[in-house]
There are 2 protein chains.
Amino acid sequence: MTQDAFSKTLITTASDQVFVDMRREIVEGSIAQGSKISEPELAKRYGVSRATLREALNRLESCYLIERKANVGCRVVALTAERLIEVYQVRSALEGLACRLAADNMAADEVQSLKQLLNQHLQTQRVKEGESYYQEAGDLDFHYRIIKASKNEHLIHLLSNGLYQLIRMYRVQMGMVGPRVSKAFDEHLAIINAIENHDGELAEMLMKRHINASQSNIQAKFERYKSI
Amino acid sequence: MTQDAFSKTLITTASDQVFVDMRREIVEGSIAQGSKISEPELAKRYGVSRATLREALNRLESCYLIERKANVGCRVVALTAERLIEVYQVRSALEGLACRLAADNMAADEVQSLKQLLNQHLQTQRVKEGESYYQEAGDLDFHYRIIKASKNEHLIHLLSNGLYQLIRMYRVQMGMVGPRVSKAFDEHLAIINAIENHDGELAEMLMKRHINASQSNIQAKFERYKSI
DNA sequence: TTCTTTAAGATTGTCGACAATTTATGGTTA
DNA sequence: TAACCATAAATTGTCGACAATCTTAAAGAA
């Protein structure tokens with residue numbers, strides 16, 4: 001029994017493994033967006049039976065990475081601009097809530113640990129140079145910690161098992177690196193300060209703006225990407 | 001192929017039917033909260049194979065009605081006060097968003113139709129007498145229409161396929177009828193007015209308050225229920 | 001007695017095969 | 001040629017059986 005790095009999913013069964021593997025392939029684009037999924041073909045490829053594969057497919061559907069139609073089959077979700085907006089509207093509302101709850105609940109040492117994390121990011125050369133590390137794993141980590149600090153299990157599940165892989169899919173496949181990195185860092189700093197002051201209202205507002213800015217950024221990239 | 005009344009789920013396959021049936025039984029309490037689910041037993045009871053049953057179980061897990069542990073099995077979710085708070089915090093954020101979007105998007109004739117629905121509720125004798133009709137189906141219908149009017153498919157799915165059955169489960173099993181009915185009606189009216197004026201900010205705020213009030217109400221009932 | 005170990009029983013995970021449905025193919029007709 | 005229908009092929013839905021794991025209960029040691 002092992003553990004997945006991104007979603008902290010415990011990998012116990014064969015279908016767990018297939019689920020995590022397929023999820024990575026879909027997020028990274030190895031399995032192309034919008035492509036049809038053939039159960040017999042994929043079962044053979046992963047070396048499992050169709051029953052095991054279907055178990056994994058069910059869970060991929062739960063986190064919105066594939067879509068099923070009865071008696072027809074599965075398709076990998078297609079990344080559209082409209083869908084991106086929808087997802088970010090939801091994300092903004094939910095992470096805003098998470099941030100408010102974090103500001104209410106977070107203990108002093110947790111705040112310190114979070115500040116330390118951000119300092120690490122600052123001092124890492126890669127951040128200054130705007131490399132992908134921060135934007136991907138680092139940013140993810142920051143947001144994840146705040147979500148976790150909300151102490152609302154339902155919310156945590158909704159975000160980390162539901163929305164995040166989908167958001168990663170957009171970001172990874174758009175190749176999200178660029179000038180927003182340093183600006184995002186400042187916004188993170190402001191959010192921490194609000195949390196430290198237990199100012200839930202402000203923390204929520206800052207997080208929402210932060211995510212909206214992130215949305216505008218990725219959306220601009222999206223337009224450029226589509227016009228090519 | 002038929003259709004389910006509550007979630008508008010299309011029932012095509014055998015597992016669809018089992019899913020809808022089990023969901024109703026869990027929501028209504030026929031299958032007790034916290035109880036262990038035996039796959040062989042339920043498969044026999046519904047007259048399907050275990051594979052079909054497991055398909056349904058997967059989907060029940062997606063809408064948070066049961067919880068699975070690998071190699072151990074499923075349990076019906078247990079209704080705790082903590083969980084109720086968590087769910088309502090999320091609901092408040094999401095329906096607040098839905099209400100804001102509805103205020104932005106809703107066409108004049110849609111607003112009129114919604115007002116008409118509310119008038120029907122008012123004129124129905126049962127409402128005045130505080131019977132369960134309004135609180136259950138009527139209230140649900142009102143909220144559902146606003147959610148739908150948000151035009152955000154992801155949000156719609158999250159609420160109607162995700163949270164709503166769980167919320168119904170609390171309400172049904174607590175027996176939610178009582179003096180809040182008329183007050184809730186007034187709140188609904190205020191929300192519609194805000195939507196009609198396309199005042200998204202106000203509409204969001206009113207909806208959040210409406211849901212928070214509803215939470216307090218059900219929570220009070222919960223305490224009484226638990227102390228017996 | 002109480003705790004640990006072990007074996008039996010029961011439950012879940014996985015598999016391959018069959019049935020039902022959809023999709024592709026090819027032939028017919030207007 | 002285009003539209004329609006019938007047939008064949010492929011895909012999904014469902015089933016029963018076996019393997020792997022957990023749970024329970026009995027037996028033995030401290």
Side-chain angles (χ1 to χ4, degrees), chain A residues 1-4 7 9-23 25-26 31-32 34-78 161, chain B residues 1-4 7 9-23 25-26 31-32 34-78 161:
Chain A
M1 185 162 76
T2 172
Q3 198 186 40
D4 172 59
S7 68
T9 313
L10 283 176
I11 298 168
T12 313
T13 67
S15 67
D16 287 336
Q17 188 65 59
V18 174
F19 167 65
V20 171
D21 288 347
M22 279 194 72
R23 190 179 59 185
E25 293 203 64
I26 291 175
I31 302 178
S35 64
K36 175 132 186 1
I37 285 178
S38 160
E39 293 184 6
E41 181 191 323
L42 280 187
K44 202 171 69 180
R45 180 165 145 209
Y46 286 104
V48 295
S49 78
R50 269 185 60 224
T52 303
L53 182 87
R54 280 166 67 85
E55 176 83 26
L57 291 181
N58 275 320
R59 290 160 65 188
L60 287 170
E61 190 188 15
S62 310
C63 46
Y64 313 105
L65 292 179
I66 68 176
E67 286 165 354
R68 295 180 78 184
K69 268 197 286 193
N71 287 314
V72 175
C74 299
R75 272 191 183 286
V76 177
V77 70
N161 287 80
Chain B
M1 183 162 75
T2 171
Q3 198 186 41
D4 172 60
S7 66
T9 314
L10 283 175
I11 297 169
T12 314
T13 67
S15 67
D16 287 336
Q17 188 64 58
V18 174
F19 167 65
V20 171
D21 288 346
M22 279 194 71
R23 190 179 60 184
E25 293 203 64
I26 291 176
I31 301 178
S35 64
K36 176 137 185 359
I37 286 178
S38 159
E39 293 184 7
E41 182 191 323
L42 280 187
K44 203 172 69 179
R45 179 163 144 211
Y46 287 104
V48 295
S49 78
R50 269 185 59 223
T52 304
L53 182 86
R54 281 166 66 86
E55 175 83 25
L57 292 181
N58 275 320
R59 289 159 65 188
L60 288 170
E61 189 189 14
S62 312
C63 47
Y64 313 105
L65 293 178
I66 68 176
E67 288 164 354
R68 293 180 79 185
K69 267 197 283 192
N71 287 315
V72 174
C74 298
R75 271 190 184 288
V76 178
V77 71
N161 287 80

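Predicted model only: the values in this text are computed from it and were never measured. Residue numbers start from 1 in every chain, and the chains themselves are labelled A, B, ... in the order their sequence lines are given, proteins ahead of strands.
- In this structure, the side chains of E61(A) and N58(B) stay at 4.5 Å or more apart for every pair of heavy atoms.
- Using a 4.0 Å cut-off between charged nitrogen and carboxylate oxygen, R75(A) and E67(A) do not count as a salt-bridge pair.
- Rounded to whole Å, atom P of dT12(D) lies 11 Å from atom CD1 of I66(A).
- One interatomic measurement links the two molecules: CD of E61(B) to C1' of dT12(C), which rounds to 14 Å at whole-angstrom precision.
- Pairing each heavy atom of V48(A) with each of L53(A), the nearest pair is CG2-N, 4.2 Å.
- Taking atom CD on Q17(B) and atom C1' on dA20(C), their separation rounds to 17 Å, with Å as the unit.
- L10(B) and D16(B) get closest at one heavy-atom pair: O-OD2, 3.6 Å.
- Between R45(A) and E39(A) there is no salt bridge, since no side-chain nitrogen of the basic residue lies less than 4.0 Å from a carboxylate oxygen of the acidic one.
- Contact annotation for L57(A): no contact, since no heavy-atom pair falls under 4.0 Å across all strands.
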Pick out the pairs of N or O atoms, protein on one side and nucleotides 14-17 of chain D on the other, that lie under 3.5 Å.
from: dT14(D); atom 1: OP1; to: A14(B); atom 2: N; distance (Å): 2.4
from: dC15(D); atom 1: OP2; to: S49(B); atom 2: N; distance (Å): 2.7
from: dC15(D); atom 1: OP2; to: S49(B); atom 2: OG; distance (Å): 3.0
from: dC15(D); atom 1: OP2; to: T52(B); atom 2: OG1; distance (Å): 2.6

Please test N161(B) against C63(B) for side chain to side chain contact (heavy atoms under 4.5 Å, CB included), starting from the C-alpha separation and ending with a verdict. CA-CA 6 Å; N161(B) 287 80; C63(B) 47; 5.8 Å; no

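- By the 6.0 Å contact criterion, NZ on K36(B) is enclosed, its count of non-hydrogen atoms from other residues, nucleotides or ligands being greater than 12.
- Here the P atom of nucleotide dT12(C) and the CG atom of N58(B) are 13 Å apart, to the nearest Å.
- A pairwise comparison of heavy atoms in L60(B) and I26(B) identifies CD1-CD1, 4.2 Å as the closest pair.
- The CZ atom of R68(B) sits 5.0 Å away from the CZ atom of R54(B) when rounded to the nearest 0.5 Å.
- What separates CG of L42(B) from P of dT12(C) is a distance of 10 Å, to the nearest Å.
- Listed by residue number, the members of residues 69-78 of chain A with any heavy atom below 4.0 angstrom from DNA chain D are A70(A), N71(A), V72(A), G73(A).
- One atom, CD1 of I37(A), and another, C1' of dT11(D), lie 14 Å apart when rounded to the nearest Å.
- Look at K36(B) and you'll find a side-chain N or O under 4.0 angstrom from OP1 or OP2 of dT12(C).
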